[in-house]
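See below for the structure under consideration.
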There are 4 protein chains.
Amino acid sequence: MQSRTSAPRATGGRPRSATADAAILAATRAALVELGWSKLTLGDVATRAGVAKTTLYRRWAGKNELVVDAVAELFDELEIPDRGSLAADVEGVVLQFAAILARPEAKSGLMAVIAESVRDDALRARIRTSIVDRQKRLVLEGRARAQVRGELPPETDPEESARTTDLIFDVIAGTVVHRALVSAEPVDPDWARAFAKLLLNGLTASATA
Amino acid sequence: MQSRTSAPRATGGRPRSATADAAILAATRAALVELGWSKLTLGDVATRAGVAKTTLYRRWAGKNELVVDAVAELFDELEIPDRGSLAADVEGVVLQFAAILARPEAKSGLMAVIAESVRDDALRARIRTSIVDRQKRLVLEGRARAQVRGELPPETDPEESARTTDLIFDVIAGTVVHRALVSAEPVDPDWARAFAKLLLNGLTASATA
Amino acid sequence: MQSRTSAPRATGGRPRSATADAAILAATRAALVELGWSKLTLGDVATRAGVAKTTLYRRWAGKNELVVDAVAELFDELEIPDRGSLAADVEGVVLQFAAILARPEAKSGLMAVIAESVRDDALRARIRTSIVDRQKRLVLEGRARAQVRGELPPETDPEESARTTDLIFDVIAGTVVHRALVSAEPVDPDWARAFAKLLLNGLTASATA
Amino acid sequence: MQSRTSAPRATGGRPRSATADAAILAATRAALVELGWSKLTLGDVATRAGVAKTTLYRRWAGKNELVVDAVAELFDELEIPDRGSLAADVEGVVLQFAAILARPEAKSGLMAVIAESVRDDALRARIRTSIVDRQKRLVLEGRARAQVRGELPPETDPEESARTTDLIFDVIAGTVVHRALVSAEPVDPDWARAFAKLLLNGLTASATA
DNA sequence: GACTAATCGAGACGGTACGTCGGGTCTTACG
DNA sequence: CGTAAGACCCGACGTACCGTCTCGATTAGTC
């Protein structure tokens, strides 16, 4: 992770407690589960972490930044093991992503920081760095694998390829988030299969299934 | 609209000012544009609307409810004129939806209330009624039209049909929101065309384009 | 008293609670007794008074102003009944003054606000208005009575007279305060008599007593 | 001085910097002048003195103790040269005392620590030792001289004598402080002469002047 | 000349209070 | 009744100092 305010601390003086960071992020997630974003207070987080409020403010600029870091850690576990086919890989990553979104600390925190990021460019950059871009590699891996398998044609134009990667990423991430948080319907294997089929074959083919 | 606290008004006494409602909602949108969700205060909205805080609280239960109503009005304009083909219809609705999302009052307000709705079922229901479901009919219209045109096969199982409608809706709305708010990239005609092609033909076909 | 921030409140709106003022001042005195000036916190005073902190800040600008008002009320009881002779009158007022200073809420508060007033002209003015000048009349009364009795010669120059009044006041008030708070020795009838004798007859005569 | 925390320093180890003490006391006085007692912070004093906070706390227990020592040095210069008569001596000491009180570091600091000493016996003892008693000798000297000159009768009862010394001291110090800090009027030679006359001859005689 | 032990600077730490702000409620007088 | 005005209680905010602590780096005097 190593985001935060990030002054590298020159020399001299008592070093920052390494355990405090972990305690604070854990406390933040716990508070998100119990209270949700809007009722979460930094004073409460500090208390839960057994830390003074000042310690917290020394490391994070505010609620937004703290929650981004706390939530970001949840997404570190995302992997995309080779399931043998592009469809299976998509289903797998969708289900993994959904499993994270199903956790209350993610539910409560993620949308809120995204909402805040609308008016705060620094926050949006932090979200992209800490959370979003980290997942984009999964799309790249999946496409590369599918090309090796012959499921997808090889790429020619690298710029076009990047655009496609971004599009696919927006579709997958956006759809899963919308399903899970806006529609508030479960992302189960059935749904994941239907979605993967739609994504691979398109509306025309999919609707006949 | 018919939202609000909605006590049916018994008898006698001075009736509620009709103009106040409009003034408050307009003031709310103006405040959203200037300040964003998190810095918007009900006291400020009341002042802008030339209204006492009391009047505001008599009509809405809180910030969330007020903003939902204020934002919902923005989505009333969504239409899906027949553009002659399914692809064109999709592109059209995507661009319309994105145009609304580009307005700062929508950006600021929509995501925030959705974030709040994660822990507030009543709020989620209100959002569904006021905003989400209102857009889902566009999907229904579009599919029906495409079936008439023969671009899509007719539906057989009504339950399956509903599931598909929901899925398509999640894909379109989710993807556009993610592109616009998370990736923070423009939703322009080029992108809309690429997205429509992906949605209709699927990854396999699309990637060859 | 009617000091405070003193905006006369035009019309409309809920009027300020009259009982709150009294409760706050009483709570302030209680806190002074228990905690003393330096450990007195406005939050604690508010709690004791059963009042929100904001209510307190709406009426007083800070700790200093509040304590001045709280202490000032203690000095309202000062009187100078005619004891038949100038010496007896002096002794009487000295003992009364000392009795007030002996109360812990006065001890704790008075010197502190005087100390603060060194760098705050508005505060000094408030102290003079609320506490100091109110007692100067006692000197005037006492002198007038003594002149009627023939103990003091009648005044001729009014300006000189005012200077003398101020001097006498500084001597009495300053000496009693110094004895009580700096020397921290009791102001008992014996001491009061010795002081009155010194004040009336001067060092030369007094020392022979 | 010999105040401070005064651990007698066992053996070995680096000795305490001697210059640090002086730098800290000077910085304290400078801070008193600029900020006054209540806005003076120990962190700021340490910075001004070019010293770590630790160093400061190793030598003084807190703000009060530090300021007492810093202010006490100001009173070292008080002398009472023989001016030839009791009245002249009184005027002289009054003016000297007032000159010290006119310095902002004394004004700000002295009253504040006295206020604090109301609830802190150790602090009061420290003030007595470092400041008050040091001045009381001036009264003793002055009386002795006046007795030699025949202006005052010789003392008989030593206990009575001590009481009188205390009384005179309270009168002089208290009156000057009250004039200077509470009444906030200048202590000029005219006022000093009027005060000395009152003190020597008493009210009855003085008023006729 | 290395050892030893207390000092020094720097600055993070757990606390407590600050004074302000916003949320919602309530109490007035007026319409 | 509804309304504007504004005071009320509450709770969180982010900041400032407090006095303590933990660092690595100096210094003496003692071995």
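Proteins get letters first, then strands, A, B, ... in listed order; numbering begins at 1 in each.
One atom, CD of E116(B), and another, P of dG23(E), lie 12 Å apart when rounded to the nearest Å. As a whole-Å value, the separation of I24(A) CD1 from dG14(E) C1' is 12 Å. Between the P atom of dT20(F) and the CZ atom of R58(D) lies a distance of 12 Å, rounded to the nearest Å. In this structure, W60(C) atom CH2 and dG19(E) atom C1' are separated by 17 Å, rounded to whole Å. Between the CG atom of L56(A) and the P atom of dA12(E) there is a distance of 15 Å, given to the nearest Å. Going from atom NZ of K63(A) over to atom P of dC21(E) covers 19 Å, rounded to whole Å. Between L66(D) atom CG and dC18(F) atom P the separation is 11 Å, expressed in whole Å.
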I need a per-nucleotide contact map over nucleotides 26-31 of chain F, read 5' to 3'. Cutoff is protein heavy atoms under 4.0 Å; write B for the base, S for backbone only, - otherwise. BBS---
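Residues K53(A) and R58(A) have side chains not in contact (no heavy-atom distance under 4.5 Å, counting atoms from C-beta outward). No side-chain heavy atom of V67(C) sits under 4.5 Å from any side-chain heavy atom of L110(C). Between V68(A) and L123(A) the shortest side-chain heavy-atom distance falls below 4.5 Å.
Distance CZ/R124(D) to CG/N64(D): 13.0 Å, rounded to 0.5 Å. Between the CD1 atom of I24(D) and the CG atom of L56(D) there is a distance of 4.5 Å, given to the nearest 0.5 Å. Put simply, CD on E65(A) and CH2 on W60(A) are 11.0 Å apart, with the number rounded to the nearest 0.5 Å. The CG atom of D21(B) lies 6.5 Å from the CG atom of L25(B); values are rounded to the nearest 0.5 Å.
OP1 or OP2 of dC8(E) has at least one side-chain nitrogen or oxygen of R59(D) nearer than 4.0 Å. Side-chain nitrogen and oxygen atoms of R16(D) include none within less than 4.0 Å of the OP1 or OP2 phosphate oxygen of dC8(E). Here T55(C) reaches the OP1 or OP2 of dC9(F): one of its side-chain N or O atoms lies under 4.0 Å away.
The pair E34(D)-R48(D) meets the salt-bridge criterion, since a charged nitrogen lies less than 4.0 angstrom from a carboxylate oxygen. The pair D69(D)-R126(D) meets the salt-bridge criterion, with a side-chain N (NZ, NE, NH1 or NH2) lying under 4.0 Å from an Asp/Glu carboxylate O.
In this structure, S17(C) and A18(B) both approach DNA chain F, and ranking their closest nucleotides by distance from the 5' end singles out A18(B).
Looking at residues two or more places apart in sequence or on another chain, you find a side chain to side chain contact (heavy atoms under 4.5 Å, CB included) between A20(B) and S17(B), V51(B), R59(B). Residues meeting the salt bridge (charged side-chain N to carboxylate O under 4.0 Å, His left out) test with R29(C), sequence neighbours left out: E73(C).
Remark: DNA chain F takes part in the stems E:1-31 with F:1-31, each of 3 or more antiparallel Watson-Crick or G-U pairs, criterion distances under 3.5 Å.
The K53(A) side chain lies nearest to dC13(F) when the options are dA12(E), dC13(F), dA5(F). Nearest to the side chain of Y57(C), among dG23(E), dC10(F), dG19(E), sits dG19(E).
Below the 3.5 angstrom threshold, one finds no donor paired with an acceptor across the side chain of T54(A) and the base of dA12(E).
Within a heavy-atom distance below 4.0 Å of DNA chain E, the residues of residues 35-52 of chain A found are G50(A), V51(A), A52(A).
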Name every donor-acceptor pair, under 3.5 Å, that has one atom in a side chain of residues 36-43 of chain C and the other anywhere in the protein, sequence neighbours excluded.
unit_1: S38(C); atom_1: OG; unit_2: E116(D); atom_2: OE1; d: 3.3
unit_1: T41(C); atom_1: OG1; unit_2: D44(C); atom_2: N; d: 3.1

